[in-house]
Amino acid sequence: MSTNRKLIPDKKSLFYSFLIVLVVAYAIYYAFNSFGTIAQIISVAAGIFIVVPILKMPIEIEDNENSIIVKTIVSSKHFLKKDYSIQRISEKSTFSIRLLATSVFLHWGYFWTKSLGIYYALCVNPSNTILLIRKVDGKKIVIDSPWI
């Protein structure tokens, strides 16, 4: 049996994300109108760093007999259940320290916590997540739970 669930970011993340986007958008606009080429290049790079996480944002998650599929705006990621051990985790155990990560519209990238160690996250709502541990090498991935 297959289940699908639309993913909606929590309101706090949305608020801060829109605030960050507005500040960066204003900085890009100001740099283009007030400074030289170097500032414009830096502004374009900042814009790209804002757009890429938005394109990677999960919008739907599907759980079927063999896999869990995270659908993003531009692609999808498939996790075969036979390759991972799966467990629910609490919000308190996630998202302590960002290593190479962003929290603009989603929690995406590498994080570290005392309880989980280093892990990759791709989720929009930290209050309902699962931990996938790859059986081959122990790599950890946190995604939104397909179950409510």
Side-chain angles (χ1 to χ4, degrees), residues 1-29 31-32 40-148:
M1 183 173 169
S2 179
T3 59
N4 286 13
R5 184 168 81 88
K6 299 285 184 199
L7 300 175
I8 300 168
D10 62 303
K11 292 179 189 333
K12 180 180 171 184
S13 293
L14 277 177
F15 173 76
Y16 288 121
S17 298
F18 281 119
L19 187 63
I20 290 168
V21 168
L22 286 175
V23 168
V24 171
Y26 177 75
I28 290 170
Y29 171 78
F32 262 86
Q40 292 173 350
I41 292 170
I42 292 170
S43 298
V44 169
I48 290 170
F49 282 116
I50 293 294
V51 171
V52 169
I54 294 170
L55 295 176
K56 297 290 264 178
M57 183 172 76
I59 55 173
E60 185 177 346
I61 191 161
E62 178 183 336
D63 178 26
N64 58 42
E65 291 178 23
N66 301 319
S67 63
I68 296 174
I69 303 166
V70 178
K71 296 176 184 176
T72 68
I73 292 174
V74 295
S75 65
S76 62
K77 288 197 173 265
H78 298 260
F79 301 100
L80 297 176
K81 289 182 179 178
K82 67 179 177 128
D83 296 338
Y84 293 90
S85 63
I86 302 168
Q87 61 189 35
R88 284 187 178 266
I89 55 175
S90 70
E91 183 177 3
K92 291 178 183 175
S93 64
T94 57
F95 312 112
S96 288
I97 298 174
R98 293 179 199 154
L99 300 176
L100 293 168
T102 182
S103 293
V104 177
F105 293 105
L106 73 151
H107 300 279
W108 173 54
Y110 289 93
F111 293 83
W112 178 88
T113 64
K114 188 175 182 179
S115 61
L116 296 177
I118 295 174
Y119 62 93
Y120 178 80
L122 181 62
C123 58
V124 295
N125 192 340
S127 64
N128 190 16
T129 55
I130 59 173
L131 174 65
L132 306 175
I133 302 173
R134 195 167 23 191
K135 292 177 182 175
V136 174
D137 56 10
K139 287 192 177 179
K140 299 171 186 168
I141 301 166
V142 173
I143 61 173
D144 289 282
S145 175
W147 320 287
I148 297 177

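When every heavy atom of Ile86 is checked against every heavy atom of Ile130, the shortest pair comes out as CG2-CD1, 3.9 Å.
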Margin query: Could you walk me through whether Thr129 and Ser145 satisfy the side chain to side chain contact (heavy atoms under 4.5 Å, CB included) test, starting with their C-alpha distance in whole Å, then the side-chain angles of each, then the deciding distance to 0.1 Å, before giving a yes or no?
Written below: CA-CA 5 Å; Thr129 55; Ser145 175; 5.9 Å; no

Next item on the list: Go through the steps to decide whether Asp144 and Asn125 satisfy the test side chain to side chain contact (heavy atoms under 4.5 Å, CB included), and finish with yes or no.
Entry: CA-CA 7 Å; Asp144 289 282; Asn125 192 340; 3.9 Å; yes

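Inter-residue side-chain proximity for Leu7 and Ile61 is flagged as met; some heavy-atom pair is nearer than 4.5 Å. At least one side-chain heavy atom of Asn4 sits less than 4.5 Å from a side-chain heavy atom of Glu60. Under the 4.5 Å side-chain criterion, counting only non-hydrogen atoms from C-beta, Asp83 is not in contact with Val136. Annotation: side chain of Ile141 is not in contact with side chain of Leu131 (no heavy-atom distance under 4.5 Å). For the pair Lys82/Asn66, no side-chain contact is recorded, criterion being any heavy-atom separation below 4.5 Å from C-beta on. Looking at Leu122 and Lys77, their side chains come closer than 4.5 Å, going by heavy atoms from C-beta outward.
Under a cut-off of 6.0 angstrom, the local environment of NZ in Lys140 is crowded, with over 12 non-hydrogen atoms contributed by other residues, nucleotides or ligands. Counting non-hydrogen atoms of neighbouring residues, nucleotides and ligands closer than 6.0 angstrom, the CD1 atom of Ile8 reaches no more than 12 such neighbours.
Note: Phe79 and Tyr84 have perpendicular aromatic rings, judged against thresholds of 30 and 60 degrees for the angle between ring planes.
In this structure a side-chain-to-backbone donor-acceptor pair under 3.5 Å is missing from Arg134 to Ser85. The closest donor-acceptor contact from the side chain of Lys56 to the backbone of Ile73 lies at 3.5 Å or more, if one exists at all.
Residue Leu55 holds its CG atom at 9.5 Å from OG of Ser75, rounded to the nearest 0.5 Å. To the nearest 0.5 angstrom, Tyr120 atom OH is 10.0 Å from Phe111 atom CZ. The line from CD1 of Ile118 to NZ of Lys139 is 11.0 Å long, rounded to the nearest 0.5 Å. Separation of atoms CG (Asn128) and CZ (Arg88) is listed at 5.5 Å; rounding is to 0.5 Å.
Ion pairing between a basic and an acidic side chain is recognised when a charged N comes within 4.0 Å of a carboxylate O; Arg5 and Asp63 show no such pairing. The residues Lys71 and Glu62 are annotated as salt-bridged, a charged nitrogen and a carboxylate oxygen being separated by less than 4.0 angstrom.
In summary, the side chains of Tyr119 and Trp112 do not present any donor paired with an acceptor at a separation below 3.5 Å, with no hydrogens or angles considered.
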